[in-house]
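Written out below as structure tokens is the structure these notes cover.
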2 protein chains.
Amino acid sequence: MEKEITIYDIAKILGLSPATVSRALNDHPAININTKTSIVTKASELGYRSNTFASNLRKRKTNTLGVIVPRLNSNFMSAVLAGMEEVANEAGYNLIISQSLESVKKEIANARTMFNSMVDGLLASVAYDTDDAGHFESFVAKGIPVIFFDRIIGDARFSGVTIDNVKAGYEVTRHLVGQGCSRILHVTGNLKRNVYAGRMEGYKRAIAEFDLPQDESLILVTDLGQEAGKAAAQYLHTLPARPDGIFLASDVCAVSCIQALKEIGYVVPGDVAVAGFNNDPVSQVIEPNLTTVHYPGDQIGQVAVKTMINHLNGHSSIHPASSIILDSELIIRGSSLRKKKGN
Amino acid sequence: MEKEITIYDIAKILGLSPATVSRALNDHPAININTKTSIVTKASELGYRSNTFASNLRKRKTNTLGVIVPRLNSNFMSAVLAGMEEVANEAGYNLIISQSLESVKKEIANARTMFNSMVDGLLASVAYDTDDAGHFESFVAKGIPVIFFDRIIGDARFSGVTIDNVKAGYEVTRHLVGQGCSRILHVTGNLKRNVYAGRMEGYKRAIAEFDLPQDESLILVTDLGQEAGKAAAQYLHTLPARPDGIFLASDVCAVSCIQALKEIGYVVPGDVAVAGFNNDPVSQVIEPNLTTVHYPGDQIGQVAVKTMINHLNGHSSIHPASSIILDSELIIRGSSLRKKKGN
DNA sequence: ATTTGTATTGCAATCGATTGCATAAATTTT
DNA sequence: AAAATTTATGCAATCGATTGCAATACAAAT
């Protein structure tokens with residue numbers, strides 16, 4: 001554990017002042033090119049590395065972004081993170097990542113940690129049950145930008161990066177209708193979350209537009225887990241007026257639902273057409289392949305971080321309230337295809 | 001952007017010295033209980049937050065662990081990260097995560113960044129092509145612990161957390177043999193990596209033990225991607241002496257292989273029994289369900305971080321060279337089941 | 001030769017928290 | 001009552017890098 005080289009060491013060796021060394025290493029224009037070269041050379045020769053803490057302490061900036069997600073281990077989220085990491089890394093920012101495990105309590109704790117770590121900005125996708133943005137107030141108060149992604153909070157003080165869930169939900173439902181479905185069950189998640197509320201609204205719009213039954217018993221609020229998928233299949237089986245289509249707000253849930261439906265004896269899409277959401281890898285493995293909505297996780301991550309960094313550099317003028325809406329895409333596969341033509 | 005509260009502010013208000021305030025906030029035993037209480041109260045009243053940089057600068061410790069992974073967006077890796085985050089968070093450590101995208105060059109750059117960020121310890125799973133531990137030397141030199149996980153480097157100066165890949169590979173192969181397979185194709189990844197080399201060695205041992213053909217044409221080195229799975233199916237189809245079993249070192253690859261096999265017209269497991277590795281979610285969706293090895297990602301992550309933190313706290317005495325081997329488990333499913341009984 | 005300008009470099013304070021050592025006050029021992 | 005402890009607090013240096021404001025040197029202009 002040898003001692004670290006500091007700018008003082010370099011200064012002493014070269015007979016210069018620490019100030020000059022510091023400037024040279026930061027490529028300050030006022031330093032003579034020869035001096036600069038010799039300093040840089042000597043620095044790398046000695047294996048000098050800048051002490052981030054001293055630097056951060058002085059500059060009051062951390063070059064670190066905080067990220068809070070509900071869960072790390074979902075296909076979608078890891079795509080988001082991969083996208084974030086890519087952009088952040090390129091711009092010289094580090095990411096501190098934490099997961100709330102869908103618990104508001106842990107989310108609050110994580111936010112506090114991020115706050116105390118003095119992140120330059122915060123990127124968050126909120127937990128299932130989060131009611132308000134109280135735990136993000138402190139960031140606002142200190143002028144630290146907060147950007148929500150995917151699961152955003154409808155609050156005028158934060159911007160968000162997401163897709164048009166209403167439109168996507170509408171398109172899925174319209175597609176099912178186009179395939180001849182006339183009673184469509186919608187399986188969704190906690191409606192506090194924009195993503196699920198939006199998809200449901202899209203569903204309802206399409207239902208209304210095509211004069212289909214607006215039956216409350218056709219909407220099932222669940223946790224969208226694997227069990228929920230099975231339960232949805234059972235539920236459908238018990239309904240007197242049997243639905244002939246299901247739109248589930250998550251692929252993982254949709255897949256287990258299809259499995260359960262097949263077990264009960266239904267034919268997909270013959271008896272029941274099924275559509276999911278997310279374009280998870282499992283959607284291309286289940287038989288029949290699952291109709292779904294491609295959800296650009298990596299793009300969401302990239303855009304969120306890009307927006308954040310631009311904002312930190314003062315290069316942008318995003319209104320706090322503005323949201324960035326990325327394109328999603330309906331992907332039609334076997335699980336809903338009953339007709340050869342049309343959509 | 002109001003100004004931050006510092007211990008000096010608190011000291012002034014309470015008529016004490018910054019030293020006392022600092023000690024009180026760190027629960028130093030020499031501080032009077034009443035003094036301590038009043039300081040803590042006032043601090044939270046003012047919304048004081050400790051400046052990590054000043055603290056780190058003085059303490060020469062960052063409470064941050066660096067993590068380098070090949071890719072963030074795989075099911076296995078996100079499980080690992082989730083496990084890591086859980087343990088780290090609980091112990092008050094932050095994680096800085098970066099991905100090499102399977103590129104040695106990026107891995108080297110990431111290592112340098114981590115080094116310059118002065119992480120207290122480094123956790124790494126190396127890229128496909130990484131040949132040596134050169135870029136981790138600097139950590140060793142500075143006495144910063146490095147722990148590899150999953151894809152470890154066989155170097156006496158680093159410890160690692162992984163599973164017994166040889167044993168797992170052996171068990172998979174033995175199982176296939178037990179199901180009546182007599183020509184088993186093994187599809188693997190870059191053999192520089194212990195995980196693939198180990199699985200292959202296990203495969204070879206079983207092959208030798210049961211006197212099956214040790215044909216080099218039965219070993220296929222690929223990148224284990226989806227395309228590789230399809231290619232493997234095609235390859236099998238072209239072999240004059242048709243294999244009746246395939247052991248692929250990754251589920252994702254195995255699943256696309258099964259799909260391609262079925263497309264060509266093979267019956268799984270009737271014509272060809274298939275086994276994968278990782279227990280990825282897709283293994284339970286493909287039909288027939290895929291026989292695989294459960295790979296405890298979250299445990300690997302948890303253990304790696306626990307080991308690291310114990311080491312940092314001086315609580316442990318892991319020899320640098322020692323490795324921690326976690327249990328894996330053969331999970332038998334339809335894709336390899338030809339007989340009703342036995343394995 | 002004097003003034004003005006320009007290019008480089010240094011001085012010294014600053015960013016907050018920590019900690020070894022010293023001091024002061026309160027308590028106990030002799 | 002004086003001495004020895006114990007308890008509680010303060011002093012001041014330290015951790016490295018940054019930066020506004022001089023200061024110096026040398027070239028150009030008058």
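The chains referred to below are lettered A, B, ... by the order of the sequence lines, with proteins before strands, and numbering in each begins at 1. Everything numeric here is computed off the predicted structure, so don't read it as measured data.
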Item to check | Nearest-Å distance for atom pair NZ/P, residues B/Lys12 and D/dG10 | outcome: 14 Å

Next on the checklist: Without decimals, in angstroms, what is the distance between A/Phe53 CZ and C/dA17 P?
Outcome noted: 15 Å

Checklist entry - Using a cut-off of less than 4.0 Å, is there contact between a side-chain N or O of A/Ser55 and OP1 or OP2 of D/dT18? => result yes

Checklist entry - Any side-chain N or O of B/Ser17 less than 4.0 Å from the OP1 or OP2 oxygen of D/dT9? => result no

Item to check | Test: B/Arg49 and B/Glu4 ion pair at under 4.0 Å | outcome: yes

Checklist entry - Is there a side-chain contact between B/Val195 and B/Asp150 (heavy atoms, below 4.5 Å)? => result yes

Next on the checklist: Rounding to an integer number of Å, can you tell me how far B/Glu4 CD sits from C/dT14 P?
Outcome noted: 19 Å

Checklist entry - Under 3.5 Å, is there a donor-acceptor pair between the side chain of A/Thr41 and the main chain of A/Thr37? => result yes

Next on the checklist: Reading DNA chain D from 5' onward, which residue's closest nucleotide shows up sooner: A/Arg49 or B/Lys36?
Outcome noted: B/Lys36

Checklist entry - Checking all strands, does B/Ser22 fall into the base, sugar-phosphate, or nothing category for heavy-atom contacts under 4.0 angstrom? => result base

Checklist entry - Quick one: A/Arg23 CZ to D/dT18 C1', roughly how many Å, whole number? => result 8 Å

Checklist entry - Would the number of heavy atoms belonging to other residues, nucleotides or ligands and lying under 6.0 Å from NZ of A/Lys12 be above 12? => result no

Checklist entry - With sugar-phosphate meaning primed atoms plus P, OP1 and OP2, does A/Leu16 contact a base, only sugar-phosphate, or nothing at under 4.0 Å between heavy atoms? => result sugar-phosphate

Checklist entry - Just to confirm, is there a sub-4.0 Å distance from OP1 or OP2 of C/dT9 to any side-chain nitrogen or oxygen of A/Thr35? => result yes

Next on the checklist: Is the shortest side-chain heavy-atom distance between A/Phe158 and A/Ile147 below 4.5 Å?
Outcome noted: no

Checklist entry - To the nearest Å, how far apart are A/His28 NE2 and C/dA7 P? => result 12 Å

Checklist entry - NA contact type, B/Thr6, heavy-atom cut-off 4.0 Å: base, sugar-phosphate, or nothing? => result sugar-phosphate

Next on the checklist: Counting only heavy atoms from other residues, nucleotides and ligands, does the tally under 6.0 Å from CD of A/Glu90 exceed 12?
Outcome noted: no

Next on the checklist: Just to be sure I understand the rule, does A/Asn56 reach a base, reach only the sugar-phosphate, or reach nothing, if contact means heavy atoms closer than 4.0 Å?
Outcome noted: nothing

Next on the checklist: Side-chain N or O of A/Asn32 versus OP1/OP2 of C/dT8: is the shortest distance under 4.0 Å?
Outcome noted: yes

Checklist entry - Just checking, is any N or O donor in the side chain of B/Asn34 or B/Lys36 under 3.5 Å from an acceptor N or O on the other one? => result no

Checklist outcome for this item: Result for salt bridge (charged side-chain N to carboxylate O under 4.0 Å, His left out) between B/Glu102 and one of B/Arg151, B/Arg71, B/Lys192 points to B/Arg151

Item to check | Nearest-Å distance for atom pair CD1/P, residues A/Ile5 and D/dA17 | outcome: 10 Å

Checklist entry - With a non-hydrogen cut-off below 4.0 angstrom, is A/Tyr8 in contact with a base, only sugar-phosphate, or nothing? => result base

Item to check | Any donor-acceptor N/O pair under 3.5 Å between D/dG20 base and A/Arg58 side chain | outcome: no

Item to check | Nearest-Å distance for atom pair CG/P, residues B/Leu57 and D/dT18 | outcome: 12 Å

Checklist entry - Which nucleotide, D/dG10, D/dT19, D/dA17, lies nearest any side-chain atom of B/Thr20? => result D/dG10

Checklist entry - Which of residues 37-44 of chain B have a heavy atom under 4.0 Å from DNA chain C? => result none

Next on the checklist: Using whole Å, what does the distance between atom P of nucleotide D/dT6 and atom CD1 of B/Ile31 come to?
Outcome noted: 19 Å

